[in-house]
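Scroll down for the structure; my scribbles are underneath it.
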Protein chains: 2
Amino acid sequence: MRRRTTPDAGRRSEASRHAILTAAFELAGEVGYAKLSVEGIAARAGVGKQTIYRWWPSKGAVLLDAFLHLSEGDGGESDGGESDGGESDGGGGMALPDTGDLEADLKLVLRATVDEFADPRYDRPLRALTIEITNDPALAARYAERLDGPMKEAKKARLRAAQEAGQLPAGLDLDVAVDLIWGPLLSRWLRRSGPLTHAYADAVVETALRGLYAR
Amino acid sequence: MRRRTTPDAGRRSEASRHAILTAAFELAGEVGYAKLSVEGIAARAGVGKQTIYRWWPSKGAVLLDAFLHLSEGDGGESDGGESDGGESDGGGGMALPDTGDLEADLKLVLRATVDEFADPRYDRPLRALTIEITNDPALAARYAERLDGPMKEAKKARLRAAQEAGQLPAGLDLDVAVDLIWGPLLSRWLRRSGPLTHAYADAVVETALRGLYAR
DNA sequence: AGCAAGAGACGAGACGGTCCGTCTTTGCCT
DNA sequence: AGGCAAAGACGGACCGTCTCGTCTCTTGCT
């Protein structure tokens, strides 16, 4: 009888792991989700397919780890990546800028996100990851835990700071507030329902803060 | 040399078309995007594969037409379907409720959308369509033209009515406003980042209308 | 009018191709 | 010896194209 052996992490090849994650991210950026295959990733990484299947349950899991690899800067440096996708957190806690001017800080962050969405090198892998997450609840849970969750905490932390400075009401539901600011970006990006520009980012921030009712 | 003949729409079988669209929608609901195949749709519809490939360029195009088929009520009746996905429009123009109370009307619509997202029979096909749209710009364009566009017009029309009643400022950017209200729903639904409840829908409407700054 | 020929959609499914996920082989490094 | 790694063989699922034989509708000749 065959043991469904848990692989021995101690013997794992770091070189192969790095090559796989890099290849996955780059391939996703070059060929897009539809043509992204495990065989392609293995070939580009110079790795046997089994090495991928030994350590990851699915293509989507590899892609998620590729994003984690980037954001956690596995042996690399922090380089300020930012996006609605939830980049930039190392478990320690990436923080949003806080100059005391909430509106300006939010515009800065949203503009950076818009810029990332405009770069096919990030846009395509992020779409691929989003797609995988959309129809794999298990992957979505891991995504929420490792990438989106920490990023959302950073966003909420910035809003909480504004609350404590009296710039936002104490009773504000921060989960709703975060969705209100970042949800519109996600919508425009995914559905390409309109131009995704700095002006749009600014308008979202202004309208979210003051509300539709505001003059 | 082989003529890439344009099929003769006059000879098209309406029975096959209907069977294909119905099978596509139902299969998407039953097996999900990952396991949705053209062969599966053909088999379920009792149709040759070529009949699908003759009339549609891709699986996603079939799925989009399946949604159009539902919403335009091909030979069927209007039954009040509603969703952020953009259901319910027949080119004539589906309208959002207008009781004069904008906040109540919006809550009603968002709650209905939340209910649809909670039903796997709509949730899964809608996810499948969303995924197809996410990595096929041509399909996204057709989606915008046929489903999302008309729905967005209905949303904007409702907001415009509120503007004319003096309930919303004249200078409000309606595209931004629509994204601000429906974007958060899309975000929660797609990423499953939190419970998608009536209470959430209400909170989004209230917060969007009054803004984060409001007490 | 009646009928044969043609065109084209249809259901069915064969076909070569790609990719899946598993399994086997062989080598390497503890 | 044990376990990971690279390479790739393997059966299976689908892809998208193509070829059948059948059918229905249109066309044109008688």
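A note on names: the letters A, B, ... follow the listed sequences, proteins ahead of strands, and every chain is numbered from 1.
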In whole angstrom, give the distance that lies between atom [atom1] of [X] and atom [atom2] of [N].
X         : N       : atom1 : atom2 : answer
Asp8(B)   : dT27(D) : CG    : P     : 11 Å
Glu132(A) : dC20(C) : CD    : P     : 11 Å
Trp56(A)  : dT22(C) : CH2   : P     : 16 Å
Arg44(B)  : dG11(C) : CZ    : P     : 16 Å
Ile41(A)  : dG21(C) : CD1   : P     : 11 Å
Ile52(A)  : dT22(C) : CD1   : P     : 13 Å
Ile20(A)  : dA6(D)  : CD1   : C1'   : 11 Å
Arg17(B)  : dG11(C) : CZ    : P     : 14 Å

Legend entry - Toward the 5' end of DNA chain C, by each residue's nearest nucleotide, Gly48(B) or Ser58(A): Gly48(B)
Inset, instruction - Please tell me which of Gln50(A) and Thr51(B) maps to the more 5' nucleotide of DNA chain C, matching each residue to the nucleotide holding its nearest heavy atom. - result: Thr51(B)
If the condition is side chain to side chain donor-acceptor pair (under 3.5 Å), which residues does [X] pass it with, not counting sequence neighbours?
X         : result
Arg124(B) : none
Ser13(B)  : Ser16(B)
Gln50(A)  : none

Legend entry - Close side-chain approach of Leu186(A) and Arg191(B), heavy atoms under 4.5 Å: yes
Legend entry - Set of residues satisfying salt bridge (charged side-chain N to carboxylate O under 4.0 Å, His left out) with respect to Glu39(B), sequence neighbours excluded: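 Residues passing salt bridge (charged side-chain N to carboxylate O under 4.0 Å, His left out) with Glu39(B): Lys49(B).
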Inset, instruction - Look at all strands and tell whether Gly46(A) reaches a base, only sugar-phosphate, or nothing, counting heavy atoms closer than 4.0 Å. - result: sugar-phosphate
Inset, instruction - Mind checking Arg54(A) for me? I need base, sugar-phosphate or nothing, with any heavy atom below 4.0 Å counting as a touch. - result: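 Contact class for Arg54(A): base.
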Legend entry - DNA chain C contacts among residues 27-40 of chain A, heavy-atom distance under 4.0 Å: Ser37(A), Val38(A), Glu39(A)
Please state whether the phosphate of [N], meaning OP1 or OP2, lies under 4.0 angstrom from any side-chain nitrogen or oxygen of [X].
X        : N       : value
Trp55(A) : dC4(D)  : no
Ser16(B) : dG11(C) : yes
Ser13(A) : dC4(D)  : no

Would you list the atom pairs, donor with acceptor, under 3.5 Å between side chains in residues 30-38 of chain A and any protein atom, with sequence neighbours excluded?
from: Glu30(A); atom 1: OE1; to: Arg44(A); atom 2: NH2; distance (Å): 2.5
from: Glu30(A); atom 1: OE2; to: Arg44(A); atom 2: NH2; distance (Å): 2.9
from: Ser37(A); atom 1: OG; to: Gly40(A); atom 2: N; distance (Å): 2.9

Legend entry - Considering all heavy atoms, the nearest Leu64(B)-Arg142(B) contact: CD2-CG, 3.6 Å
Legend entry - Side chain of Arg11(A) - closest among dA9(C), dA6(D), dC4(D):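 Selected nucleotide: dC4(D).
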Legend entry - Side chain Lys49(B) and base dG11(C) donor-acceptor under 3.5 Å: no
